[in-house]
Participant: 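The structure is given below, and queries will be raised subsequently.
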Amino acid sequence: MKHEEYDVMNVEGGSHVKMWTKGVPVEDAAKKQLTNTAKMPFIYKHIAVMPDVHLGKGSTIGSVIPTLGAIIPAAVGVDIGCGMMAAKTTLTANDLPDNLGPLRSAIERAIPHGMSPKTRGFKGRDKGSWETPPTPVDAAWLQLKDEFDLVCLKTPKLKNTNNYRHLGTLGSGNHFIEICLDELNFVWFMLHSGSRGVGNAIGTHFIELAKQDMRTHFINLPDQDLAYLPEGTNHYDDYVEAVSWAQKFARMNREVMMQNLVAAVRTIITKPFQTHVEAVNCHHNYVQKEHHFGKDVLITRKGAVSAKAGELGIIPGSMGAKSFIVRGKGNADSFHSCSHGAGRTMSRTQAKKQFTIADQVKATEGVECRKDADVIDEIPMAYKDIDAVMVAQRDLVEVVHTLKQIVCVKG
DNA sequence: ATGTCC
């Protein structure tokens, strides 16, 4: 008899919750949130929970929510299409300079990062968006522009975002750009970012519309952020179109950044090298139509990665910890999914209270990165043990490469 | 996560 690698939580009046969390801690508050989501009448089969699960807004981060006939915009959230991209190069550790500082500076100069204050003249400059977007941005925007005009008709505030000037920019928070070494000392480029201002505008617009629709139809919910859009309504159709465009923007955002990252590295390392020897570009915060157990359904992955049989994905560790390039095993019960990281064990506020700059310096030894007060919340000790997380999902993915970061740029 | 016109 096959040994099941997941635990099952039964929810009265709701669907099952299958949890790949053996050997990793799960907060009670996260279980409560999963129970609320499982009670929604349009959940298809069951909810799948990844080992990095933790409390989110409305529903947990680190979960896969299959739905039939409705969509929950707050489950996708505001950073629509957030995800990872990684590319292997022909460079090895020996090709890198001893001092990695100039390499980090070159990346910081080449790729806008941090917030984009809309007010012009704020502290004299706008770090987070392009003043004059370079050629790769124009080429990418040409593929997004026509649909952008259509989505603007349904999401008016989209016109007032940075949109074009945000394409190929990092953002802030836990978005980052890294140079890593794999187990054979090959150099990889890796980055984490999403759909910037446009996904935020689309996400907040439809989350608000869904909440309004619930009030109009007197539908009571255990949590306002489980407000949904039923299939067959205009709002549903408009959201599906808009969310899909934001996801396309996010994927291209990462591609453009990767192009500019490679160009920036070439200004420092003059030895010729090839890139994209292996390459992965995956969302971990998105919704799309997929086929599971014989039906076309909507799969919302909120902090989870697609892991079809043979499909490559990226599971980043925290700053100073290992990251993994993984290959999916096509596990049907997980709706072909895996975790999107280690998962937090404490809030950012708690981490800043509990740890010092000295702790962060020690934890990120050997990594060329910021070590100031503003990045203490990213300290590895605020995250679950990545090795335990990988063991808990061994029937979902296998590890192809183990990466260790040596340069990290944060927004 | 975004951006400070909520």
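Proteins come first, then strands; the chains are lettered A, B, ... in the order of their sequence lines, and each starts at number 1. Scope of the values below: all heavy atoms of this structure, side chains included, with no hydrogens, waters or symmetry mates.
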Participant: Could I get the full list of ring-ring contact (aromatic ring centres under 6.0 Å, His included) partners for A/F206, not counting sequence neighbours?
Facilitator: A/Y239
Participant: Could I get the full list of ring-ring contact (aromatic ring centres under 6.0 Å, His included) partners for A/W20, not counting sequence neighbours?
Facilitator: A/Y6
Participant: How many whole angstroms separate atom CG of A/D79 from atom C1' of B/dT2?
Facilitator: 9 Å
Participant: Hey, does the side chain of A/H166 come within less than 4.0 Å of B/dG3's phosphate (OP1/OP2), counting only N and O?
Facilitator: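 True: A/H166 side-chain N/O within range (under 4.0 Å) of B/dG3 OP1/OP2.
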Participant: Nearest whole angstrom, please: distance from the C1' of B/dT2 to the CG of A/N163.
Facilitator: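 The distance from CG of A/N163 to C1' of B/dT2 comes to 14 Å, rounded to the nearest Å.
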Participant: Do any of residues 221-229 of chain A sit with a heavy atom less than 4.0 Å from DNA chain B, and if so which?
Facilitator: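 When residues 221-229 of chain A is checked for heavy atoms under 4.0 Å from DNA chain B, there are no hits whatsoever.
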Participant: Tell me: CZ of A/R348 to P of B/dT2, nearest whole Å?
Facilitator: 11 Å
Participant: To the nearest Å, how far apart are A/K157 NZ and B/dT2 P?
Facilitator: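 After rounding, the gap between these two atoms is 14 Å.
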Participant: Among residues at least two apart in sequence or on other chains, which ones pass salt bridge (Lys or Arg N to Asp or Glu O under 4.0 Å) with A/D95?
Facilitator: A/K271
Participant: For A/T161 and B/dT2, is the shortest distance between a side-chain N/O and OP1 or OP2 below 4.0 Å?
Facilitator: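 So the side-chain polar atoms of A/T161 never come under 4.0 Å of the phosphate oxygens OP1 or OP2 of B/dT2.
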Participant: Expressed in angstrom and rounded to an integer, what is the separation of A/I80 atom CD1 from B/dT2 atom P?
Facilitator: 12 Å
Participant: Report the distance from atom CG of A/N160 to atom P of B/dT2, rounded to the nearest whole Å.
Facilitator: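 Answer to the nearest Å: 18 Å.
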Participant: Quick one: which of A/H192, A/R301, A/H340 gives a side chain to side chain donor-acceptor pair (under 3.5 Å) with A/H284?
Facilitator: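 Testing A/H284 for a side chain to side chain donor-acceptor pair (under 3.5 Å) against A/H192, A/R301, A/H340 leaves exactly one candidate, A/H192.
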Participant: Taking CD1 from A/I202 and C1' from B/dT2, how many angstroms apart are they, rounded to a whole number?
Facilitator: 13 Å
Participant: Please enumerate all residues that pass side chain to side chain contact (heavy atoms under 4.5 Å, CB included) together with A/T204, with sequence neighbours excluded.
Facilitator: A/V78, A/K157, A/N200
Participant: Would you please name every residue forming a salt bridge (Lys or Arg N to Asp or Glu O under 4.0 Å) with A/R344, sequence neighbours left out?
Facilitator: none
Participant: How close or far is atom P of B/dG3 from atom NE2 of A/H113, stated in whole angstroms?
Facilitator: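 Atom-to-atom, A/H113 to B/dG3, this comes out as 15 Å.
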